[in-house]
Amino acid sequence: MDTEAMNTEQTQAAGTLPSEEQVLEALKVVKDPEIPVNVVDLGLIYGVDVQEGGQVEITMTLTSVGCPVQDLIRADAEMAVGRLDGVSGVNVEFVWTPPWGPDKMTEDGKRQMRMFGFNV
């Protein structure tokens with residue numbers, strides 16, 4: 001393939017990359033099974049990086065270290081974001097610093113928690 005054709009393909013691919021907002025919206029279908037609120041409103045998403053070529057890197061945490069549903073949440077996040085147009089791959093990295101706390105939740109997340117009887 002010649003250089004011009006490769007550049008055209010890259011330009012076309014770049015035009016279809018999802019925005020950070022689209023990735024966050026897709027992640028709203030991912031819920032911690034132990035808490036009835038999505039990972040975005042829980043404040044578990046620390047970063048989203050959409051790279052050239054469609055690779056999406058997600059940095060997130062969980063409500064506690066050693067969370068037994070870590071693999072399930074990772075798989076759900078990868079599947080949800082992987083469905084977006086232009087995504088070629090998804091990598092979820094869990095970090096523990098800074099630690100999660102209720103102060104990281106969105107107002108909508110706090111409202112949802114209160115609806116389920118949690119005091120936040």
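In this chain, numbering begins with 1 at the start of the sequence shown.
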Distance from Glu78 atom CD to Leu27 atom CG, nearest 0.5 Å?
11.0 Å
Side-chain heavy atoms nearer than 4.5 Å, only ILVMFWY residues, links allowed to pass through others: does that put Phe118 and Val37 together?
yes
With a cut-off of 3.5 Å and sequence neighbours excluded, list every side-chain donor-acceptor pair involving residues 96-105.
{"unit_1": "Trp100", "atom_1": "NE1", "unit_2": "Leu42", "atom_2": "O", "d": "2.7"}

Decide side chain to side chain donor-acceptor pair (under 3.5 Å) for Thr16 and Asp85; before the verdict, give the C-alpha distance in whole Å, the side-chain angles of both, and the deciding distance to 0.1 Å.
CA-CA 7 Å; Thr16 63; Asp85 287 340; over 6 Å; no
Shortest non-hydrogen contact from Pro18 to Gly86?
CD-C, 4.4 Å
Are Met79 and Val40 joined in one hydrophobic group, where the rule is that I, L, V, M, F, W and Y side chains link up if heavy atoms are under 4.5 Å apart?
no
Shortest non-hydrogen contact between Val69 and Pro33, atoms and distance
CG2-CD, 3.9 Å
Would you say the side chain of Val29 lies within less than 4.5 Å of the side chain of Asn38, judging by non-hydrogen atoms?
no
Roughly how far, to the nearest 0.5 Å, is CZ of Phe94 from CG of Leu44?
9.0 Å
Student check: side-chain heavy atoms of Lys31 and Val39 closer than 4.5 Å:
no
Arg111 CZ to Asp108 CG distance, which is reported to the nearest 0.5 Å
4.5 Å
Under 3.5 Å, side chain of Gln22 to main-chain N/O of Ser19, donor-acceptor pair present?
yes
Once you round to the nearest 0.5 Å, how far does CG of Asp41 lie from NZ of Lys110?
11.5 Å
Following the transitive rule for hydrophobic clusters with a side-chain heavy-atom cut-off under 4.5 Å over Ile, Leu, Val, Met, Phe, Trp and Tyr, establish whether Ile35 and Phe116 coincide in one cluster.
yes
Minimum heavy-atom separation for Leu17 and Gly53, please, with both atom names.
CD2-C, 4.4 Å
Distance check, rounded to the nearest 0.5 Å: Glu21 atom CD versus Leu24 atom CG?
7.0 Å
For Val81 and Val87 the tightest heavy-atom approach is O-CG2, 3.5 Å
May I ask you to test the Glu57-Val50 pair for a side-chain heavy-atom distance under 4.5 Å?
no
Transitive ILVMFWY side-chain link Val65 to Leu62, under 4.5 Å:
yes
With sequence neighbours left out, write down each residue that passes side chain to side chain contact (heavy atoms under 4.5 Å, CB included) with Pro68, or none if nothing qualifies.
Glu34
Would you sort out whether Asn91 and Glu93 count as a side chain to side chain donor-acceptor pair (under 3.5 Å), showing the intermediate values?
CA-CA 6 Å; Asn91 180 52; Glu93 179 182 355; 5.3 Å; no
Ignoring hydrogens and angles, tell me if any N or O in the side chain of Arg114 forms a donor-acceptor pair with the backbone of Asn119 under 3.5 Å.
no
Rounded to the nearest 0.5 Å, how far does CG of Asp32 lie from OG of Ser64?
8.0 Å
